Amino acid sequence: NKPTTAVKLVLLGEAAVGKSSLVLRFVSNDFQENKEPTIGAAFLTQRCTIGDKTIKFEIWDTAGQERFASLAPMYYRNAQAALVVYDITKPASFIKARHWVKELHEQASKDIIIALCGNKYDLISKNNEEGEEIESNRKVSIEEGQNLAEEENLLFFETSAKTAYNVNEVFMAIGNKIPSG
Ligand code: GDP
Ligand code: MG
């Protein structure tokens, strides 16, 4: 019987980038094409085992922070981890993500683990046989995401809640950085 570490995790990012969808994929391995927007805050938990640790993610998926930025500090206070999500087809959502990262570094707990997620990877459409993108709706390059992550010391993944690409990986990477005990 391994001890369980509870980890409070919050989601931040512009409306419609896929925050709730990433949580739904992680918690229920499901996806909804026309997801109803979150009303208020949803609270979900998911346990996972990483090496010799058991982690219970306590996930606060919020709506309203998108429009009422003043509510956000209430959500991220005491959070040990945050997913800052943007949509790789929406440059404005990447600018917004930068702002959230800055705000977290100024206001949140100083050892918060932040994962930057460039979501909707499935929308880049076509890759050639070598796996290189040949046709794309991409508007935010992978380098822009990587650079921000390097500058701000973030985990970074491009994800798709639709195909499940890299979704578990994000949470595993966060779990790996949580000190046990
Ligand atoms: P939120 O407002 O950030 O919580 O975004 P939602 O999770 O409600 O998603 C907004 C819309 O984007 C919904 O219609 C989702 O089905 C869609 N969506 C979310 N994630 C993805 C994804 O990875 N790929 C695609 N193609 N659509 C997605
Ligand atoms: Mg939502």
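Predicted model, so just to flag it, every value in this text is computed and none were measured. For ligands, and for the atoms within them, numbers begin at 1 and follow the listed sequence.
- Contacts between Leu123 and ligand 1 below 4.0 angstrom, taking non-hydrogen atoms only, involve the side chain exclusively.
- Classified by interplanar angle (parallel below 30°, tilted 30° to 60°, perpendicular above 60°), the ring pair Phe43/Trp60 is tilted.
- Not a single heavy atom of Gly13 sits under 4.0 Å from any atom of ligand 1.
- The pair Glu152-Arg98 does not meet the salt-bridge criterion, since no charged nitrogen lies less than 4.0 angstrom from a carboxylate oxygen.
- The residue among Glu14, Lys120, Arg25 with a heavy atom at the shortest distance from atom 11 (C) of ligand 1 is Lys120.
- Defined by atom type and a distance below 3.5 Å, a donor-acceptor pair is present between the side-chain atoms of Asn119 and Thr159.
- Close contacts between ligand 1 and Ser21 involve ligand atoms 6 (P), 7 (O), 9 (O), 15 (C), 19 (C), 20 (N) [criterion: under 4.0 Å to a heavy atom].
- Within the listing of ligand 1, atoms 13 (C), 14 (O), 15 (C), 16 (O) sit less than 4.0 angstrom from a heavy atom of Glu33.
- Heavy-atom proximity to Asn119, at under 4.0 Å, picks out these atoms of ligand 1: 20 (N), 21 (C), 22 (C), 23 (O).
- Residues meeting the side-chain contact (heavy atoms from CB on, under 4.5 Å) test with Gln46, sequence neighbours left out: Phe26, Val27.
- For ligand 1, the polar-atom distance check against Ala161 finds a nitrogen or oxygen pair separated by under 3.5 Å.
- Residue-level proximity to ligand 1 for Val85 is absent, since no heavy atom of it falls below 4.0 angstrom.
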With side chain to side chain donor-acceptor pair (under 3.5 Å) as the criterion, how do Asp122 and Thr163 come out once you've worked through the C-alpha distance, each side chain's angles and the decisive distance to 0.1 Å?
CA-CA 7 Å; Asp122 59 285; Thr163 65; 5.5 Å; no
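- In this structure, Glu144 does not pair ionically with Lys139, as no charged nitrogen and carboxylate oxygen lie closer than 4.0 Å.
- At a heavy-atom cutoff of 4.0 Å, ligand 1 is contacted by the side chain of Asp122 but not by its backbone.
- Polar contact check, Asp61 against ligand 1: no nitrogen or oxygen pair lies under 3.5 Å apart.
- Between the side chains of Tyr76 and Glu103, at least one donor N or O lies within less than 3.5 Å of an accepting N or O.
- For the ring pair (Phe, Tyr, Trp, His ring centres under 6.0 Å) test, no residue two or more places apart in sequence or in another chain qualifies with Phe157.
- Those atoms of ligand 1 that come under 4.0 Å of a heavy atom in Gln32, given as number and element, are 15 (C), 16 (O).
- Those atoms of ligand 1 with a heavy atom of Ala16 less than 4.0 angstrom away are 1 (P), 2 (O), 3 (O), 5 (O), 10 (C), 12 (O).
- A donor atom on one side chain and an acceptor atom on the other are found under 3.5 Å apart for Glu132 and Asn128.
- Among the atoms of Ser20, an N, O or S atom falls under 2.8 Å of the Mg ion (ligand 2).
- With a heavy-atom cut-off of 4.0 Å, Tyr121 does not touch ligand 1 at all.
- Interface of Lys19 with ligand 1, defined as ligand atoms under 4.0 Å from a residue heavy atom, comprises 1 (P), 2 (O), 3 (O), 4 (O), 5 (O), 7 (O).
- Between the CG atom in Asp87 and the NZ atom in Lys120 there is a gap of 4.5 Å [rounded to 0.5 Å].
- Ligand 1 places these atoms under 4.0 Å from at least one heavy atom of Lys162: 22 (C), 23 (O), 24 (N), 26 (N).
- Residue Gly18 places at least one N or O, backbone or side chain, under 3.5 Å from an N or O of ligand 1.
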